[in-house]
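Remember, it's 1-based here, ligands and their atoms both numbered in the order they're listed.
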Amino acid sequence: MRDADRRTIIAGLGAGLAVAASTACAAPRGRKIGYAIVGLGRYAELIMSKFAECDQSRLVALVSGTPEKLTRFGEKYGIPASHRYSYADFDRIRDNPDVDVVYVILPNALHAEYTVRAAKAGKHVMCEKPMAVSVAECRTMIAACRAAGRKLMIGYRSRFEPYNQLAIDLAKKGFVGPTRIITADHGFNAQPNQWRLDRKWSGGGSLMDIGIYSLNATRYLTGEDPVEVSAIESTDRSDPRFATVEDRISFLLRFPSGIEATCVSSYSSNHNMYRVTGTQGWIELEPATAYEGQAMRIRRDGRTEAQSVPVPKGQHAGQLDHFAGCILNGTDPLVPGEEGLADMRVIEAIYRSAREGRRITLG
Ligand code: NDP
């Protein structure tokens, strides 16, 4: 990009950039909030490494069904044996004052059980996406945290990622005119022999895992909940990966303002993008929801330009510190349990639409 072009677009985006930077982390300095990680799989391993970037959060306890991992990660992160738990003795965490938050990073079908147990142990809960495997479970989790007077946040990390924050702000301000259409595609090639491909543990296929990024993006880019859902599923049942879960599911959402979203969710092809099309142009992110490397292009006034955004802090650390700040300040998380519930309502409608071959209306 020419320097002159970059200056032009940055000048036009000044307000948006300021918002993105200011929402990255608003926690006060001081005491650090202690996290216990439950389930030491691949994503947990990444999360554990991100505490080093945090200002308000620290790793203080581990919960695992694999003793070797408790030893390995305990030694790596300086977690004493007294702060390492098995699933069987997880409830003893109530007696550990160092633990403020239990972060659930287990297979989807275990999210509800460990969220409820953590709330009953008097701990705040961060739970990975998808929040659970049904609307009913989401409601139970919200009720349990409310009854215990504890906060619940869902791991929608993109809300703490500066390019996504800027896209939300620009869409809200009508930078390319009022939004008319959103396209959102997410997918990857699923490896065989894992819990994700077993409905008992995952609750569903690509939609529960990766397509949820398409859905969640349409909701945060519009600030609305869809009122109509149409979906079609394409799954090769002779592929052993897809004996119990879906591969590809494409869905069309209609929002109250008239915005339409067309979305792809796939376990057999790679996608990671969205485009917000307004009456005067479009805003595109590709990759949109990856761990890093976001790239933005904007088309406005007949010109298409790349836009770079400062990334002062990674999205994972931003997410951990945001929840810590909520606990320290007594404020509500940006992505509470109700956000996970809202996605799950639409997910259930998408599955129903595909199954019954008809449009589903959401109240
Ligand atoms: P992994 O399979 O890598 O890890 C899951 C861990 O859960 C296992 O290593 C195991 O840890 C524990 N576990 C307990 N019971 C079971 C069981 N019955 N089957 C398998 N594992 C079990 O999964 P991921 O880390 O990829 O995913 C975990 C969660 O995180 C999912 O909900 C997923 O959707 C979410 N996720 C979110 C991402 C994001 O970007 N927000 C990215 C990736 C995942 P142990 O041996 O310690 O008991």
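In terms of protein heavy atoms, atom 15 (N) of ligand 1 is closest to L110 CD1, 3.5 Å. In terms of protein heavy-atom proximity, atom 28 (C) of ligand 1 is closest to I105 O, 3.4 Å. Scanning the protein heavy atoms around atom 37 (C) of ligand 1, the nearest turns out to be E128 OE1, 3.1 Å. At the shortest separation from atom 33 (C) of ligand 1 among protein heavy atoms lies K129 O, 3.7 Å. At the top of the distance list for atom 1 (P) of ligand 1, counting protein heavy atoms only, stands W195 NE1, 3.7 Å. Atom 12 (C) of ligand 1 has its closest protein heavy atom at Y87 OH, 3.4 Å. Scanning the protein heavy atoms around atom 32 (O) of ligand 1, the nearest turns out to be N108 OD1, 2.8 Å. In this structure, atom 25 (O) of ligand 1 lies nearest to the protein heavy atom Y43 N, 3.0 Å.
Between the side chains of S238 and D236, a donor-acceptor pair is found at a separation under 3.5 Å. If you check the side chains of E224 and S257, you find a donor sitting under 3.5 Å from an acceptor. Residues T66 and E68 bring no donor and acceptor atom of their side chains to less than 3.5 Å of each other. Judged purely by distance below 3.5 Å, without hydrogens or angles, the side chains of Y220 and N164 pair a donor atom with an acceptor atom. Using a 3.5 Å distance cut-off with no hydrogens or angles, the side chains of Q319 and R157 do not pair a donor with an acceptor. Using a 3.5 Å distance cut-off with no hydrogens or angles, the side chains of S265 and H186 do not pair a donor with an acceptor.
Counting heavy atoms only, P107 comes closest to atom 7 (O) of ligand 1 of the residues G41, P107, S158.
When all heavy atoms are compared, the tightest approach of V133 to M344 is C-SD, 4.2 Å.
Listed by number with element, the atoms of ligand 1 under 4.0 Å from a non-hydrogen atom of T66 are 45 (P), 46 (O). Counting the atoms of ligand 1 from 1 in the order shown, those under 4.0 Å from a heavy atom of R157 are 39 (C), 40 (O), 41 (N). Near H111, meaning under 4.0 Å from any of its heavy atoms, are these atoms of ligand 1: 32 (O). If you number the atoms of ligand 1 from 1 as listed, the ones under 4.0 Å from a heavy atom of W201 come out as 18 (N). Interface of S64 with ligand 1, defined as ligand atoms under 4.0 Å from a residue heavy atom, comprises 45 (P), 46 (O), 47 (O), 48 (O). Heavy-atom proximity to G65, at under 4.0 Å, picks out these atoms of ligand 1: 45 (P), 47 (O), 48 (O). Every atom of ligand 1 is numbered from 1 in the order shown, and the set under 4.0 Å from a heavy atom of K69 is 9 (O), 11 (O), 45 (P), 46 (O), 47 (O). Interface atoms of ligand 1 facing G155, defined by a heavy-atom separation under 4.0 Å, are 41 (N).
Here's the thing with L40: one of its N/O atoms is less than 3.5 angstrom from an N/O atom of ligand 1. Note: an N/O pair closer than 3.5 Å links L106 and ligand 1 by distance alone. Ligand 1 has no N or O atom lying under 3.5 Å from any N or O atom of P130, backbone or side chain.
In this structure, H271 has its ring center at least 6.0 angstrom away from the ring center of F188.
Using a 4.0 Å cut-off between charged nitrogen and carboxylate oxygen, E113 and R117 count as a salt-bridge pair. For D55 and K313, the salt-bridge test passes: some basic side-chain N is under 4.0 Å from an acidic carboxylate O. Here R150 does not pair with D100 in a salt bridge; the nearest charged N to carboxylate O distance is not below 4.0 Å. We find that K129 and D343 are not joined by a salt bridge, their nearest charged nitrogen and carboxylate oxygen being 4.0 Å or further apart.
Y213 counts as a contact of ligand 1, since one of its heavy atoms falls under 4.0 Å from the ligand. Put simply, part of Y291 is less than 4.0 Å from ligand 1, judged by heavy atoms.
Shown here are the ring-ring contact (aromatic ring centres under 6.0 Å, His included) partners of F323, two or more places apart in sequence or in another chain: there are none.
Looking at R196 against ligand 1, only its side chain comes within 4.0 Å, counting heavy atoms.
For R300 and F175, the positive end sits near the middle of the six-membered ring, less than 6.0 Å away and at most 45° from its axis.
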